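Being a predicted model, the structure only gives us computed values, none of them experimental. In what follows, chains are A, B, ... by sequence order, proteins preceding strands, each numbered from 1.
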Amino acid sequence: MFSVTLPDGSSKEVPAGATPLDIARGIGTRLADAAIVARVNGDLWDLTRPFEGDSSLEILTTRDPEALEVYRHSTAHLLAAAVLELFPGTKLGIGPPIKDGFYYDFQRETPFTAADLAAIEAKMAEIRDRDLPYGRLLVPKEEGLKKYEALDEPMKCELIEERAGEIFSEYTLGPNFIDFCRGPHIPSTKKIKAFKLLSIAGAYWKGDENRHQLQRIYGTAWYSAKELEEHLNKLEEAKKRDHRLLGRQLGLFAVDEKVGQGLILWKPKGSIIRQELQTFISEHLRRQGYSQVFTPHIGKLDLYKTSGHFPYYADSQFPPLVDREQIAQLAGEGCSCAQLSNLLDKGEIEGFLLKPMNCPHHIRIFDSDPHSYRDLPVRLSEFGTVYRFEQSGELGGLTRVRGFTQDDAHIFCTEEQVPQEVEGCLELVKIIFSTLGMKDYRVRVGLRDPDSAKYVGDPAQWDRAEAACKAAAASLGVPFSLEPGEAAFYGPKIDFVVQDVIGREWQLGTVQVDYQLPQRFDLTYAGPDNKPHRPVMIHRAPFGSMERFVGVLIEHFAGAFPLWLSPVQAVVLPISDRHLEYAKQVHQRLLDAGIRAELDDRSEKVNYKIREAQLAKIPFMLVMGDREAEQGAVAVRNRKHGDLGAKPLDEFIAETTALIAAKAVSE
RNA sequence: GCCGGCGUAGCUCAGCUGGUAGAGCGUCUGAUUUGUAAUCAGAGGGUCGCAGGUUCGAUUCCUGUCGCCGGCUCCA
C-alpha cells in the first residue's frame with residue numbers, strides 16, 4: 001500500500017499498481033472527465049501511470065496551462081500516427097507543443113500538399129475515434145537504439161543518443177505507432193476534442209541550417225470546438241490588423257519591387273505619423289541634454305574595419321561601393337570576384353560602405369574635438385538611416401527591411417556615469433510606451449554567449465557592462481529576462497520586445513553598453529588628473545527603427561491612430577453645395593489652428609462621405625448644413641463615439657487642439 | 001539563403017480538363033443637392049509578374065527569373 005497525499009492535505013491509502021486516474025475517479029466522475037494529466041511528487045505524470053511509492057498528487061484538469069501543453073503534445077503524436085498510416089516510411093523528427101498548438105517535423109521525399117493536410121486531418125479524426133490509449137513503455141537505452149534503428153528512424157536514434165538515460169520512456173499509440181518521448185500524455189485519444197492542421201513549412205533538423213530540412217506540420221488543438229472556432233476567428237481578426245494590409249488601405253507606405261525589396265516608400269500620410277513621432281521624441285531628447293547631428297549615408301570601408309563591422313558582417317551588408325575605373329583596371333588584369341573581395345578585405349582597395357550603423361560617424365564627431373571629463377556625458381543624436389542586407393526570406397512589411405532609420409544616439413560618458421545614463425535611456429523608452437498606451441512588451445537583457453566567438457573585447461569589461469545592464473533593468477520596475485546569446489557583438493543590451501498580430505516578436509527600443517568601440521577608435525578624454533581616460537559608449541534607440549516602430553504601432557492601434565498621430569485629424573463634410581462656402585471657411589480655420597483637416601467637397605450624400613471617413617479612421621467628421629452655417633457651428637461625429645451633436649466651431653477647435661497637445665490616446 | 005504556397009484590371013477575387021479574359025468596389029463622365037456607414041446611369045481600365053520552351057495555338061503545361069505569403073535559419 002502507498003500513501004497518496006492530495007493538495008488539501010488529506011491522504012489516501014492505495015494498493016500498489018493504483019494510478020492517479022483511480023484516485024480521480026474515486027473523488028468524482030467529473031474530476032476524472034476533466035483530468036488531463038497528474039503531478040506526482042512535483043513531476044508531470046500520466047494519469048494511467050502507477051504510483052511508485054508514497055506520493056503527493058495533484059490532478060491537473062483543463063484549467064491548468066500545463067495540462068493544455070500535454071494535451072497538445074498528445075495531439076502532435078496523433079498527427080504523427082496519422083502521417084505514418086497514410087505515408088509509411090516517413091521519418092519522425094520532433095513534435096512539441098507550442099503557443100496555441102503544436103507541430104511535428106517529418107522527413108519524406110515528396111513534400112506534403114494542402115490536400116495531404118486535409119487527408120491527414122481526417123485520418124487523425126479516424127484514429128482519435130478508435131479511442132487508443134497512450135501507452136508508456138520503459139526501454140533500456142541499447143535495446144531501444146536497436147529498435148529505432150530497425151524502424152529506420154535515424155533522427156530518433158540521434159535524439160536517443162543525446163538525450164536518453166540508461167532507461168528511457170517511449171509512448172505507443174495503437175499497435176503500430178511508437179515514439180521516443182519523455183511524456184507525459186493524456187490517457188487516450190478520445191480526450192482530444194478539437195484540432196485543426198494549419199500549415200506546412202520547412203524547418204532545419206535541430207534548427208541547424210547546415211543539416212537537412214524537414215517538413216513541419218503546424219496544428220492547433222483545443223478542448224472544445226467552440227474554443228477552436230474562437231481561436232480561428234481570432235486569427236482572422238488579427239489578419240485585418242496586419243500593418244501590411246492597413247498600410248495599403250490607409251495609404252501609409254508602399255514597397256515597390258522596382259525600387260527594391262525591403263526598401264520603404266513613406267507616403268504622405270505615413271510620413272506624418274513618422275514625423276510626429278520624431279518631433280515627440282526630439283522634445284524629450286532636448287530636455288535630456290542631447291545634441292542633434294547629421295551624418296552621411298556612407299563612409300569609408302576603413303572606418304568599418306576599425307569598428308569591426310567589416311568584413312565580419314559582410315554577409316549582412318550591401319556590397320561595397322568601389323571606384324569604377326579601379327574595378328575596370330582590375331578586371332583587365334584578370335582579377336576574379338573572389339580576389340576583389342579579398343583585396344577589399346585586406347584594405348588594398350579603398351571603397352565606401354552604405355552605413356550599417358551610425359556609431360562610427362558619431363564617434364568621429366566626438367573625436368573631432370578634445371574632451372575633458374567636465375564635458376561628459378556627450379550625447380549625440382540623429383535620426384540616422386542605415387542599410388543592412390537582410391536575407392530575402394526575412395523581409396516583410398515595415399518590421400524587417402533593408403533600409404531603416406534609427407532614432408539613434410550615442411552617449412560618451414565616464415564609467416561612473418554609465419548607470420545613470422542607462423537609466424535615462426530607459427526613461428525615454430518608458431515615456432514612449434506610456435504615451436502610446438503600449439503595455440504588451442517584455443524586457444530582455446541580452447548577455448553574451450560564453451560559447452560563441454563572435455564577441456569582441458575582454459571578459460572583464462563584458463562582466464562590468466553586463467552588471468550595469470542588469471542593474472539598470474532591475475531599476476526599471478518591470479519583469480525582465482536574462483538571455484545569453486542575445487548581446488550585440490560589442491556589448492550587452494537591454495531590449496524592449498513586442499509581438500505583431502501573428503505573434504512574431506520584434507525588438508523595438510534598445511540600450512547597449514559598449515566598452516569596445518571607444519577602444520577600437522582610441523577615444524579619450526582628459527580626466528581630473530589631466531591624463532587621458534577611455535570613455536564608455538552607450539548606444540540607444542528608444543523607438544528602435546522608425547519603420548519597425550510604425551509597423552508595430554499600426555497594428556497596436558489597428559490603424560486608428562490617436563488624434564495627435566492621425567494623418568487626417570478632421571474632415572469637413574458639407575451636406576450640399578450651398579454649404580460649401582461655409583465649409584471652406586471652417587476648413588481654413590482648422591488649418592490655421594494647426595489641425596490637419598481635409599474638405600470633402602464632392603457632390604455625394606453625407607452618408608457616403610461619412611462611410612469613407614469612417615473607413616479611413618479619421619477621428620472627427622464635421623457635418624455642416626444650414627443650421628451649422630447659420631450658427632457658426634459644426635456637427636461633430638467621432639469615429640468611435642458617433643454623432644456628438646453640434647457645437648460652436650471655436651469650442652471644437654479649442655477642445656481638439658487641447659487633445660492634440662495632450663497626446664491623448666483616445667478622443 | 002533554405003522548404004512550401006501564391007502572383008489575373010488600382011483593390012478583393014472568378015475563370016472546368018490549353019482556343020489571347022470577367023465581377024464587385026475604386027477611377028472618369030453625366031445626372032442628383034443630399035443631415036450621420038455605400039444615389040443612379042454610362043465609360044474607361046488587363047501583352048493574366050517577367051523571360052524562354054512545348055504546341056497549330058498558353059493566363060492555363062514545362063524551365064528559369066523577379067516579387068509576395070507562411071515557416072526555418074539569421075538579425076552587428
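With sequence neighbours excluded, the residues satisfying side-chain hydrogen bond (donor to acceptor under 3.5 Å, both in side chains) with A:Y608 are A:E612. Judged as a salt bridge (charged side-chain N to carboxylate O under 4.0 Å, His left out), and not counting sequence neighbours, the contacts of A:E158 are A:K206, A:R211. Evaluation of the side-chain hydrogen bond (donor to acceptor under 3.5 Å, both in side chains) rule for A:D514 yields A:H539 as partners, not counting sequence neighbours. In this structure, the side chain to side chain contact (heavy atoms under 4.5 Å, CB included) partners of A:L303, at least two apart in sequence or on a different chain, are A:P360, A:H361, A:R364, A:F521. With sequence neighbours excluded, the residues forming a ring pair (Phe, Tyr, Trp, His ring centres under 6.0 Å) with A:W462 are A:Y455, listed by chain and number.
A:R548 contributes no side-chain N or O that forms a donor-acceptor pair with the base of B:C75 under 3.5 Å. Side-chain atoms of A:Y204 and base atoms of B:G1 include a donor and an acceptor less than 3.5 Å apart.
On the P atoms, B:A37 is 40 Å away from B:G49, given to the nearest whole Å. Spacing of C1' atoms, B:U47 relative to B:U29, comes out at 28 Å, to the nearest Å. Here the separation of B:A9 from B:A21, taken at their C1' atoms, is 11 Å to the nearest Å. For the C1' atom pair drawn from B:G7 and B:G46, the interatomic distance equals 14 Å after rounding to whole Å. Annotation: B:C13 and B:C69 have their P atoms spaced 14 Å apart (nearest Å). With P as the reference atom, B:C2 and B:U17 are 31 Å apart, rounded to whole Å. Nucleotides B:C68 and B:C50, compared at atom C1', are 15 Å apart to the nearest Å. B:G19 and B:G57 have their C1' atoms separated by 7 Å, given to the nearest Å.
When heavy atoms are screened at a 4.0 angstrom cut-off, A:P111 is found touching the sugar-phosphate backbone but no base atom. If you check every strand for non-hydrogen atoms under 4.0 Å, A:A203 touches sugar and phosphate atoms only.
In this model, the phosphate group of B:C68 is approached by a side-chain N or O of A:Q261 to a distance below 4.0 Å at OP1 or OP2. For B:A76, the OP1/OP2 oxygens have no side-chain nitrogen or oxygen of A:S316 closer than 4.0 Å. Between A:R108 and B:G4, a side-chain N or O to OP1/OP2 separation shorter than 4.0 Å is absent. For the OP1/OP2 pair of B:C74 and a distance below 4.0 Å, the side-chain nitrogens and oxygens of A:R400 include no atom meeting the criterion.
Separating the OH atom of A:Y490 from the C1' atom of B:C75 is a distance of 12 Å, rounded to the nearest angstrom. Taking atom CD on A:E505 and atom C1' on B:C75, their separation rounds to 14 Å, with Å as the unit. Atom pair A:R402:CZ and B:C74:P shows a separation of 18 Å (rounding to whole Å applied). One can place CZ of A:R540 at 18 Å from C1' of B:A76, the figure rounded to the nearest angstrom. B:C74 atom C1' lies 11 Å from atom CD of A:E486, rounded to whole Å.
With a cut-off of 3.5 Å on both Watson-Crick or G-U wobble distances, the partner of B:U63 is given as B:A51. For B:U20, there is no paired base (Watson-Crick or G-U wobble, both distances below 3.5 Å). In this structure B:U36 sits in no base pair that meets the Watson-Crick or G-U test at under 3.5 Å. B:U29 is paired with B:A41 under the criterion used here, namely a Watson-Crick or G-U wobble arrangement in which both key atom distances are under 3.5 Å. Across all strands shown, B:A9 forms no Watson-Crick or G-U wobble pair with both distances under 3.5 Å.
In this structure, A:Y387 and A:H297 have tilted ring planes: the angle between them lies in the 30° to 60° band.
Within the structure, the salt bridge (Lys or Arg N to Asp or Glu O under 4.0 Å) test picks out the following pairs touching residues 534-553 of chain A (sequence neighbours left out): A:R274-A:E547, A:D522-A:R534. Residue pairs that meet the salt bridge (Lys or Arg N to Asp or Glu O under 4.0 Å) test with at least one member in residues 96-110 of chain A, sequence neighbours left out, are A:D105-A:R216. Among residue pairs with one or both ends in residues 619-631 of chain A, those qualifying as salt bridge (Lys or Arg N to Asp or Glu O under 4.0 Å) are A:R578-A:D626; sequence neighbours excluded.
In this structure, CG in A:L447 is found 8.5 Å from CD in A:E483, a value given to the nearest 0.5 Å. To the nearest 0.5 Å, atom OH of residue A:Y582 and atom CD1 of residue A:I575 are 12.0 Å apart. Taken from CZ in A:R402 to CD in A:Q391, the straight-line distance is 9.5 Å, to the nearest 0.5 Å.
Proximity of a side-chain donor or acceptor of A:Q107 to a complementary backbone N or O of A:K91 within less than 3.5 Å is not detected.
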Worksheet entry | Heavy-atom protein contacts under 4.0 Å, nucleotides 33-42 of chain B, coded B base, S sugar-phosphate only, - none | BBBBBBB---
Could you pull out the protein-nucleic contacts involving nucleotides 44-50 of chain B (nitrogen or oxygen on both sides, under 3.5 Å)?
none

Identify the pairs formed between an N or O of the protein and an N or O of nucleotides 11-17 of chain B at a distance under 3.5 Å, and give each distance.
unit_1 : atom_1 : unit_2 : atom_2 : d
B:C11  : O3'    : A:R248 : NH2    : 3.4
B:U12  : OP1    : A:R248 : NH2    : 2.7

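Counting heavy atoms from C-beta on, the side chains of A:R639 and A:E667 come closer than 4.5 Å.
Other residues, nucleotides and ligands contribute at most 12 non-hydrogen atoms within 6.0 Å of the OH atom of A:Y312.
What you find for A:G251 and A:K267 is that their closest heavy atoms are O-CB, 3.5 Å.
Heavy-atom distances to RNA chain B give each of A:A488 and A:S392 a nearest nucleotide, and the one nearer the 5′ end belongs to A:S392.
The stretch residues 205-221 of chain A comes close to RNA chain B through A:G207, A:E209, A:Q213, A:R216, A:Y218, each having a heavy atom under 4.0 Å from the strand.
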